[in-house]
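Computed from a prediction, not measured in an experiment: that's the story for all the values here. Here, residue 1 is the first one in the sequence, and each next residue gets the next number. Order of appearance sets the numbers: ligands from 1, and atoms from 1 within every ligand.
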Amino acid sequence: MTTTPPVERRSDRSEPIVRIVGLRKSFGDLEVLKSVSLDIYPGQVVVILGRSGSGKSTMLRCINHLEKPSSGAVIVKGEVVGYRVKGDRLHELRPKEIARQRAATGMVFQAFNLFPHLTVLENLLEAPCRVLGRPAGEVREEAMKLLTSVGLAEKADVYPSTLSGGQQQRVAIARALVMKPSVMLFDEPTSALDPELVGEVLEVMKELARSGMTMIVVTHEIGFARAVADEVVFMAEGRVAEQGPPSQVIDNPQTEATKTFLRSLN
Ligand code: ADP
Ligand code: MG
């Protein structure tokens with residue numbers, strides 16, 4: 001794996017692209033998110049750390065409207081996710097509108113979730129054509145550019161099952177990007193990979209960060225967080241326990257919970 005220079009970017013702090021405001025989420029009696037508030041600015045890379053069960057995935061899923069908040073709100077590019085503001089009332093969006101809204105946030109999961117019956121290129125064409133109704137001919141060129149950028153142009157016509165896990169995850173990233181999202185959400189994108197395949201996926205993510213993409217990344221890859229994150233958020237028991245630049249949260253943690261967690265990774 002070649003090493004690339006550290007990522008140097010400036011984010012625009014004028015207006016958050018994602019606002020999480022007093023977000024709570026319960027499953028039955030279990031309160032998983034206990035009033036989380038977080039602002040993410042254009043071009044920022046925010047890495048979310050925390051033990052298993054601390055609510056990281058649930059928070060990402062609320063941003064993408066895969067889960068509905070119990071209270072509080074997520075606002076992406078000024079729009080309340082899942083709702084439309086009419087006068088002083090909130091109206092739930094219809095599934096089609098939610099699909100349109102969801103296109104603003106690209107999500108990459110731990111399990112690659114590619115469509116097994118479609119080729120790599122067809123995987124990329126699926127959402128732009130079906131959700132946005134764009135003609136395949138027009139999307140194909142953009143899709144091929146993205147496959148080139150993740151180093152997989154020559155795999156356009158093969159089926160996902162013939163690819164390694166690292167290659168499949170790079171396709172999943174390209175598939176999210178083809179929707180031209182304003183923010184990319186990554187939920188432990190390298191956790192299911194064999195160790196020797198982790199680097200190639202992190203490289204693609206670093207390149208994406210370098211290009212200025214706004215990213216929220218749940219990961220245990222501390223090296224990635226140190227090199228790429230503008231901000232590290234440590235979650236514990238459904239709350240933001242600590243938040244700040246990597247030099248603080250990773251190298252000089254303030255809370256016992258953060259210290260214990262970081263020790264557990266070594
Ligand atoms: P993390 O990603 O930090 O490991 P999660 O957000 O996946 O945490 O889960 C937080 C808690 O919520 C866990 O206790 C989990 O079991 C619970 N949980 C998550 N999704 C559901 C669900 N759909 N139904 C019931 N409990 C859930
Ligand atoms: Mg999770």
Asker: Tell me whether Lys34 is salt-bridged to Glu31, with the criterion being a basic N under 4.0 Å from an acidic carboxylate O.
Answerer: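 Salt bridge absent between Lys34 and Glu31.
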Asker: What's the shortest distance from atom 23 (N) of ligand 1 to any protein heavy atom, and which residue and atom give it?
Answerer: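 Protein heavy atom with the smallest distance to atom 23 (N) of ligand 1: Phe27 CE2, 3.4 Å.
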Asker: Please determine whether any non-hydrogen atom of Arg51 lies less than 4.0 Å from an atom of ligand 1.
Answerer: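 Per 4.0 Å heavy-atom rule, Arg51 contacts ligand 1.
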Asker: For Pro181 and Met213, work out which heavy atoms get closest and say how close.
Answerer: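 That closest heavy-atom pairing would be O-CE, 3.8 Å.
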Asker: Please say yes or no: joined through hydrophobic side-chain contacts below 4.5 Å, possibly via intermediate residues, are Met235 and Val46 part of one cluster?
Answerer: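 Linked within one cluster.
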Asker: Look at atom 15 (C) of ligand 1 and say which protein heavy atom is nearest, naming residue and atom and giving the distance to 0.1 Å.
Answerer: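 Nearest protein contact, heavy atoms only, for atom 15 (C) of ligand 1 is Leu30 CD2, 4.8 Å.
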Asker: Checking contacts now, so for atom 4 (O) of ligand 1, which I'm interested in, is there any protein heavy atom under 4.0 Å?
Answerer: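 Yes, because at least one protein heavy atom sits under 4.0 Å from atom 4 (O) of ligand 1.
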Asker: So, with waters excluded, how many protein N/O/S atoms does the Mg ion (ligand 2) have closer than 2.8 Å?
Answerer: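 Number of qualifying protein atoms: 1.
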Asker: In terms of residue, atom name and distance, what is the protein heavy atom nearest to atom 8 (O) of ligand 1?
Answerer: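 Result for atom 8 (O) of ligand 1: Gly55 N, 3.2 Å.
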Asker: What are the atoms of ligand 1, with element, lying closer than 4.0 Å to any heavy atom of Thr58?
Answerer: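 Answer, ordered by atom number: 5 (P), 6 (O), 9 (O).
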Asker: Got a donor-acceptor contact below 3.5 angstrom from the Gln169 side chain to the Phe112 backbone?
Answerer: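 No; judged by distance alone, with no hydrogens or angles, the pair does not exist.
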Asker: Can Val108 be reached from Leu202 by stepping across I, L, V, M, F, W or Y side chains whose heavy atoms are under 4.5 Å apart?
Answerer: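 Result: yes, single cluster for both.
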